[in-house]
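The shown structure was predicted, so the numbers you read here are calculated from the model rather than taken from an experiment. The figures here come from the full heavy-atom set of this structure, side chains too, leaving out hydrogens, waters and symmetry mates. Numbering of residues begins at 1 and proceeds along the displayed sequence.
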Amino acid sequence: MTRDIFFLEGLGRFADIGPLTLRVLTGAFLVYGVVDNVASTERMQEFSDFLATNLFPAPDLMALVSVYIQLACGVGLVLGLLTRLAGIVVALHFVVAVVMVHWSQDFRGWWPAIVLVAIGIQFALIGAGKISLDAILTRGQR
């Protein structure tokens, strides 16, 4: 009885809500972060200029690649579709952001990007969870 109170083992029955919540919030954050670039050529150009300032090669191309990778991964995470792959791509994408943009900042400047690296790694390792399209599509394969 005391163990249940301190370790809150009863919450385990709601464990599937954790990956769902983290996936949807992270995916929505990723989509929100690039939707203006998709909708506006001016915003895309601003992003390309930002990449040029940070010494990315081929900034116009890299802006397009970055924005559409982030959009696709965000949608994938929200739906729980190809989640492990999206996790790997998100982790790599934001490692590049840390190295190319945030490296010279203090830890607070790194935080959003480095957390996205960690979340990407988490989804690459654990997958989408039971409440996802991945689970539906792979249900008979296990």
Side-chain angles (χ1 to χ4, degrees), residues 3-142:
R3 181 178 171 181
D4 289 342
I5 292 171
F6 289 111
F7 291 100
L8 303 173
E9 292 178 6
L11 290 177
R13 68 179 174 257
F14 303 108
D16 296 330
I17 295 171
L20 171 67
T21 304
L22 187 59
R23 264 195 8 257
V24 170
L25 289 174
T26 303
F29 177 79
L30 292 173
V31 170
Y32 176 79
V34 296
V35 73
D36 60 334
N37 299 90
V38 172
S40 166
T41 56
E42 292 83 19
R43 294 289 294 154
M44 184 66 86
Q45 187 58 52
E46 287 176 21
F47 183 51
S48 177
D49 294 343
F50 170 80
L51 293 180
T53 300
N54 285 282
L55 306 176
F56 279 80
D60 291 337
L61 175 62
M62 290 296 105
L64 284 171
V65 169
S66 175
V67 163
Y68 284 101
I69 281 176
Q70 193 169 319
L71 179 65
C73 288
V75 170
L77 289 176
V78 168
L79 299 174
L81 180 64
L82 303 174
T83 305
R84 289 182 191 271
L85 177 60
I88 291 168
V89 173
V90 166
L92 293 174
H93 188 76
F94 285 96
V95 163
V96 171
V98 168
V99 171
M100 295 294 292
V101 177
H102 303 291
W103 198 257
S104 63
Q105 298 173 339
D106 66 2
F107 189 67
R108 287 182 186 267
W110 287 37
W111 186 253
I114 206 75
V115 167
L116 287 166
V117 171
I119 290 170
I121 291 168
Q122 178 73 359
F123 283 121
L125 296 175
I126 68 162
K130 292 180 181 177
I131 307 170
S132 66
L133 287 179
D134 286 349
I136 293 168
L137 295 173
T138 61
R139 196 166 278 148
Q141 298 175 10
R142 293 186 184 158

_Working note: S132 + R23, criterion side chain to side chain contact (heavy atoms under 4.5 Å, CB included); need CA distance, chi angles, decisive distance, verdict._
CA-CA 10 Å; S132 66; R23 264 195 8 257; 3.8 Å; yes
_Quick check: closest heavy atoms across F123 and G87, and the distance to 0.1 Å?_
CB-CA, 4.3 Å
*Closest non-hydrogen atom pair between D16 and K130, with its separation*: OD2-CD, 3.4 Å
*Quick one: pull up CG in L61 and CG in L51 and give me the separation to the nearest 0.5 Å.*
10.5 Å
*Hey, does the side chain of D134 reach the backbone of T83 with a donor-acceptor pair shorter than 3.5 angstrom?*
yes
*Does a side-chain heavy-atom distance below 4.5 Å link Q45 with T41?*
no
*Taking the side chain as every heavy atom from C-beta outward, state whether V90 and I119 have any pair of such atoms under 4.5 Å apart.*
no
*Student check: side-chain heavy atoms of Y68 and V38 closer than 4.5 Å*: yes
*Any donor-acceptor N/O pair, S48 side chain to M44 backbone, under 3.5 Å*: no
_Assess the residue pair F56 and V101 against the criterion (side chain to side chain contact (heavy atoms under 4.5 Å, CB included)); give the C-alpha distance rounded to whole Å, side-chain angles, the decisive distance to 0.1 Å, and a yes or no._
CA-CA 10 Å; F56 279 80; V101 177; 3.9 Å; yes
*Yes or no on side chain to side chain contact (heavy atoms under 4.5 Å, CB included) for N37 and L71, after CA distance, side-chain angles and deciding distance?*
CA-CA 10 Å; N37 299 90; L71 179 65; over 6 Å; no
_How long is the straight-line distance from CZ of R13 back to CG of L11, given to the nearest 0.5 Å?_
7.5 Å
*Interatomic distance, F50 atom CZ to M62 atom CE [nearest 0.5 angstrom]*: 15.0 Å
_Nearest heavy-atom neighbours spanning A128 and P19_ = O-CB, 3.7 Å
*Any idea which heavy atoms bring L55 and M100 closest together, and the distance?*
O-CE, 3.7 Å
_Tell me whether the rings of F107 and W110 are parallel (<30°), tilted (30 to 60°) or perpendicular (>60°)._
tilted
*Any idea which heavy atoms bring A135 and G129 closest together, and the distance?*
CB-O, 3.6 Å
*Grab the two heavy atoms, one from A113 and one from F94, that are nearest each other, plus how far apart they are.*
O-CB, 3.6 Å
*To the nearest 0.5 angstrom, please state how far the CD1 atom of I121 sits from the CD1 atom of I126.*
12.5 Å
*Evaluate the side chain to side chain contact (heavy atoms under 4.5 Å, CB included) criterion for residues W111 and Q105: first the C-alpha distance (whole Å), next the side-chain angles of each, then the deciding distance (0.1 Å), finally the verdict.*
CA-CA 10 Å; W111 186 253; Q105 298 173 339; over 6 Å; no
N/O donor to acceptor pairs below 3.5 angstrom from side-chain atoms of residues 25-36, sequence neighbours left out:
residue : atom : partner : partner atom : Å
T26     : OG1  : L22     : O            : 2.7
D36     : OD2  : R43     : NE           : 2.8
D36     : OD2  : R43     : NH2          : 2.7

